[in-house]
Amino acid sequence: MSANSSLIQVDNVSFNFHGLKVLQDISFSIFPGDFLALIGPNGSGKTTLIRIILGILKPSSGRVVLIGQELHQFTQWQRIGYVPQKAILLDPYFPASVREVVAMGLISLKRFPRLLTRQDESSIDKALDRVGLKGLKSRRIGELSGGQQQRAFIARAIVNGPDVLFLDEPTAGVDADTQTRFYDMLAELNLKEGLTIVLITHDFGVITKHANKVACLNQRLFFHGTHEEFCSSQTVQDLLRGEHHLVCHRH
Amino acid sequence: MESLLSYAFMQRALLAGLLISITCAILGVFLVLRRDAMIGHGLAHVTFGGVALGLLLYLTPLLVALVVAVFSALGILKLKERAGLHGDTAIGIISSLGMALGILLVSVAGSFNVDLFGYLFGNILAIDPEEVWMALILALVVLITIVLFYQEFVFLTFDPESARTSGVRVRRLDKLLAILTAVTVVLGMKVVGILLVSALLVIPAAAALQVARSFKEAFMISAAVAGVSAIAGLTISFYLDWPASGTIVAVSGLLFLILFQARSYRKPAPEE
């Protein structure tokens, strides 16, 4: 596939913070339909890279092209979905209903003063249905379990039908069964609906089971390739030696 | 109630008090949820400097206080962004400087013809028709702006990072919210005075957050708490000859306690 057909193109991106080199010369592309797992040790720059791609941080050098547009000119935010790190609410009494949280995802589609229509209400119902939370839309978000909250945030991220969904360690603090169901739901969105997914994770089970592309980061991009290349890469084996026993399998 | 409303000064006080209290309460929901509750307190201190400057220069004290409060609110934002200070530190610096300016100006002037105590402790019963109109216009400007930017403010309050990636202009909205807060503080100063104005911003919102299940409910309950506090506070102060500002804030404190107790009885919304 040519570089022109990529959804996201990262070219020679570096990022320094207080003289510290957080990211150095990162280049890679993300293509439609990819399920890209972005892995690396703590402090390796994974979240920083995602925040640069999403325009939250400015790179020290290099460029990002989002859906054919330079990042600083990009306006089609409705085509991007994002579930940030620590999406689970720390304040259980925060007065936001599940419906209101999902409605926030529609903002990028709407023009000032961004009032919601009946069609929007139907989009909210549909998104909640897709993540299995339709019956809970009047609940306060803090009343949901950690796993249900994660699904509500996914519903918010997909309610406007984005092309690509970024997730930053979405299952931190969630039990193993809920994690499995959550990743199965992501895989379904990727395979059945063609949603491109970029997932920061430490969970090697997800990589081997669902991801078709893997990027391995530690200030520099050590590896970027397909799942099969990842499993057979000597670089990866050397990098993970002593930390993980990599078993690659597909269901 | 009939005898209370037969006085023109009470009609003005009720109208202005109700409108300003509700405006403060609605804006307060955003401030409390953003952990910016003390910005009202800080800006109120700054308005003391503004009022003193206005009195010294023979200009309308409320208008000078408004300009000083708006620039101070933007200054707090800049300090947070540029100097990397936490919000409470930035508020502490700006509010202390504003108060210091006020003290210096009072000292330079020797004395003022107008009683500064009126601004410190509020004097809603002495509000004149011109001030009622000014309050009405400013309160409507604040409320209409909140309605127009409601979805953005809600998203910004809940999750600023995701709001940014949805194309919400976070910095611009931060500035807008800071300006609205400054305007509201100056309005609230007339009702309860500089020393108690943050109570109008914080207590109704905090009371509402005890029981609200949604943003919509939070705004409605906060406005209701503020409205009841203003009407009950003014009525009690009229019949018992108590100070209006202290009575309004005391009633809102009582309502906070009631809703705090009610929280444990509120059940989750049923599944649909």
Side-chain angles (χ1 to χ4, degrees), chain A residues 18 47 50-51 53-57 74-87 89 91 93-101 103-110 112-116 120 125 128 133-144 153 156-157 159-160 162 166 168, chain B residues 26 28-30 32-35 84 144-173 176 205-222 259-260 262-264 266-272:
Chain A
H18 292 313
T47 298
I50 294 288
R51 287 161 67 91
I53 292 173
L54 293 170
I56 299 167
L57 293 173
F74 188 72
T75 52
Q76 303 173 68
W77 291 106
Q78 73 276 13
R79 298 180 71 178
I80 307 287
Y82 176 45
V83 181
Q85 205 174 22
K86 295 174 189 164
L89 278 175
D91 178 6
Y93 291 103
F94 202 101
S97 68
V98 173
R99 182 202 151 277
E100 285 177 330
V101 170
M104 290 172 198
L106 290 165
I107 271 195
S108 53
L109 277 177
K110 312 206 67 74
F112 183 79
R114 311 193 199 233
L115 299 174
L116 296 184
D120 295 327
D125 285 343
L128 284 169
L133 289 179
K134 196 174 178 184
L136 300 176
K137 72 173 181 177
S138 299
R139 285 271 172 95
R140 187 167 56 202
I141 185 87
E143 289 170 353
L144 304 190
F153 286 109
R156 183 183 74 182
V159 68
N160 52 11
F166 289 87
D168 190 351
Chain B
I26 288 173
V29 173
F30 291 119
V32 170
L33 288 172
R34 284 163 56 96
R35 307 273 193 275
I144 290 169
T145 309
I146 290 174
V147 169
L148 290 177
F149 289 92
Y150 176 80
Q151 296 291 349
E152 282 103 323
F153 280 144
V154 163
F155 203 173
L156 182 71
T157 302
F158 184 73
D159 183 355
E161 194 167 294
S162 297
R164 193 186 293 247
T165 62
S166 293
V168 172
R169 297 182 177 192
V170 170
R171 232 180 230 182
R172 200 178 284 187
L173 284 173
L176 183 58
L209 296 180
Q210 300 304 309
V211 290
R213 283 202 202 100
S214 65
F215 271 101
K216 205 174 170 183
E217 274 189 19
F219 292 117
M220 287 165 65
I221 297 170
S222 185
L259 290 178
F260 173 66
R263 178 162 102 173
S264 49
R266 183 110 206 230
K267 290 177 183 167
E271 282 196 32
E272 291 166 22

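Here is how names work: the chains are called A, B, and so on, in the same order as the sequence lines, proteins then strands, and each is numbered from 1.
In this structure, chain B has a heavy atom under 4.5 Å from the side chain of F112(A), while its backbone stays farther away. Neither the backbone nor the side chain of R99(A) has a heavy atom closer than 4.5 Å to any heavy atom of chain B. For V101(A), the part lying near chain B is the side chain, with the backbone staying farther off; criterion is any non-hydrogen pair under 4.5 Å. Only the side chain of A218(B) comes within contact range of chain A, with heavy atoms under 4.5 Å apart.
Comparing R140(A), M104(A), Q76(A) by heavy-atom pairs within less than 4.5 Å of chain B, the highest count is held by M104(A).
Side-chain contact between F166(A) and T165(B) is absent, with no heavy atoms from C-beta onward closer than 4.5 Å. You'll find the side chain of L116(A) reaches within 4.5 Å of the side chain of Q151(B), heavy atoms only. You'll find the side chain of Y93(A) stays beyond 4.5 Å of the side chain of L209(B), heavy atoms only.
With sequence neighbours left out, the side chain to side chain donor-acceptor pair (under 3.5 Å) criterion links D159(B) to R156(A), S162(B).
Here the closest non-hydrogen pair linking T157(B) and F94(A) is O-CZ, 4.0 Å. A pairwise comparison of heavy atoms in G167(B) and W77(A) identifies CA-CD1, 3.4 Å as the closest pair.
Within the structure, side-chain hydrogen bond (donor to acceptor under 3.5 Å, both in side chains) contacts touching residues 206-218 of chain B (residues at least two apart or in different chains) are Q210(B)-R263(B), E217(B)-R266(B).
Checked by atom type and distance alone, the side chain of E100(A) pairs as donor or acceptor with a backbone atom of F215(B) at under 3.5 Å.
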